2 protein chains.
Amino acid sequence: MAERKRQLVAAEITEAALQLCAVKGFDTTTVDEIVVAAGISRRTFFRYFSSKEDVAIQLLASLGTDMRDELRARPAGEPPATALRHAVGMAIDHCVDEPLKSLRVVQLILRTPVLHARMLERQAQWREGLTAELAVRLGRDPVTDLFPEMAAGMALAAFDAAMRHWSVSDGAADPQELTDRAFAVIGPALDQAG
Amino acid sequence: MAERKRQLVAAEITEAALQLCAVKGFDTTTVDEIVVAAGISRRTFFRYFSSKEDVAIQLLASLGTDMRDELRARPAGEPPATALRHAVGMAIDHCVDEPLKSLRVVQLILRTPVLHARMLERQAQWREGLTAELAVRLGRDPVTDLFPEMAAGMALAAFDAAMRHWSVSDGAADPQELTDRAFAVIGPALDQAG
DNA sequence: GTCGCTGATGGCACTGAGTGTCAATAGAGG
DNA sequence: CCTCTATTGACACTCAGTGCCATCAGCGAC
């Protein structure tokens, strides 16, 4: 029950922060302003989020593990392109399930350089996870063989491209359809024998 | 001649900063320490570099334009895979020309999360440049057609993979050969008709 | 009920990054 | 030698982030 309250407070902070950032931008929004809007103390804010950027980035926290878990759960014999498409699909589902919240966050991140940078750094960790999982699936050594790493990188490049186009379309485009088109491009490279 | 002096001071600051960061890490190295080592004032430091991170990132400044210029200079009929390989080759050349300096910077960036994030953000700008150039070369609309964007993303994924493996090999591996192997993976996707 | 323990919170002071302002200074040109 | 200009240094300030400690609420033991 203490955990429930913690998530409630975190959600309140997040909501206040996103609201303020949407109005006056991330950089010009101070932690003090967020803190006042959320009705907590400055010190408490940093107990919930390790930095101001974390408020936005934290919302993507589960995507990495979701993708990796889905990739692991795919049938062993499935070709890399199909397995990776389903893995990325897990992340895209979050955008489809809650379009309003997701779009707001994605747009904020994409037009705030420092947030964009943090997100890309996160993605690099996702890539490491996907690389390791792919290496196991394919029985390849990720140190000497560049294929798992490149395949994971291409899948995330497709994810990025879909997110960017979804963002600039203001949510009008279908994220899964954009992802399909991006995967159509990388497909020929994903299913090679190596 | 004022410009010459400016570059000289910048080089001195950079050298002092990299030396300190190599010893005690980027995060624990303060601007004050860099400033003392370089023999300048704190205020002057921020006139040369807009942030502490910029000292390291600035060293990659020309890579983006170099790649785009090289891509533009490639023969019009050349297939995307070949043209992009030469463009990325321009950036890799910097590592081959000055292996000691480059390796030190690359390793520092790759093992410092905040620097890694900034570098990836830079790369996103390079990608935009390559995307625009590719769109022109191929006569495709980068808004409705995902191919230019994905091709640029794949090329940079290859660049990244080569850099990472070069870094972990402590410079023992050949950067151009690593890039060749990475491009061999994405090749089948780069030369599709779309 | 009260004592004592634990965990969450708030307040305070501190370091470090980054910025604006102004005075001092050095160098080019008359 | 004087003047105009650009670079620098010094100071003060805002804001992010952290360590420390006092406070307070809940909760089990007695």
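Everything numeric in this text was worked out from a predicted model, so none of it was measured. Letters A, B, ... are given to chains in the order of the sequence lines, protein chains preceding strands, and every chain is numbered from 1.
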Between [X] and [Y], does any side-chain donor sit less than 3.5 Å from a side-chain acceptor?
{"X": "T65(A)", "Y": "S62(A)", "answer": "no"}
{"X": "R85(B)", "Y": "Q176(B)", "answer": "yes"}
{"X": "D54(A)", "Y": "S50(A)", "answer": "yes"}

Check the distance between [N]'s [atom2] and [X]'s [atom1] and give it to me in whole angstrom.
{"X": "E33(A)", "N": "dT14(D)", "atom1": "CD", "atom2": "P", "result": "14 Å"}
{"X": "E12(B)", "N": "dT7(D)", "atom1": "CD", "atom2": "C1'", "result": "16 Å"}
{"X": "R6(A)", "N": "dT6(C)", "atom1": "CZ", "atom2": "P", "result": "19 Å"}
{"X": "K5(A)", "N": "dC24(D)", "atom1": "NZ", "atom2": "P", "result": "15 Å"}

Item to check | With L138(A) via side chain to side chain contact (heavy atoms under 4.5 Å, CB included) - residues at least two apart | outcome: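 Listed in chain order: P80(A), L134(A), R140(A), F147(A).
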Checklist entry - Can you check whether L115(B)'s main-chain N or O pairs, donor with acceptor, with T112(B)'s side chain at less than 3.5 Å? => result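 Side chain of T112(B) to backbone of L115(B): no pair is present.
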Checklist entry - Are Y48(A) and dA8(C) close enough that a side-chain N or O sits under 4.0 Å from OP1 or OP2? => result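 No, outside the criterion.
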Under-3.5 Å N/O pairs linking protein and nucleotides 17-22 of chain D:
unit_1	atom_1	unit_2	atom_2	d
dG17(D)	OP2	K52(A)	N	2.7
dG17(D)	N7	R42(A)	NH2	2.6
dG19(D)	N7	R43(A)	NE	3.4
dG19(D)	N7	R43(A)	NH2	2.9
dG19(D)	O6	R43(A)	NE	2.6

Checklist entry - Base, sugar-phosphate, or nothing: which does T29(A) touch, judged by heavy atoms less than 4.0 Å apart? => result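 Touches sugar-phosphate only.
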Checklist entry - Of the nucleotides dT9(C), dT8(D), dG10(C), which has the atom closest to the T44(B) side chain? => result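 Of dT9(C), dT8(D), dG10(C), dT8(D) is nearest to the side chain of T44(B).
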Checklist entry - Given side chains that start at C-beta, do those of L20(A) and F26(A) come closer than 4.5 Å, heavy atoms only? => result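 The answer is no; the side chains never approach within 4.5 Å.
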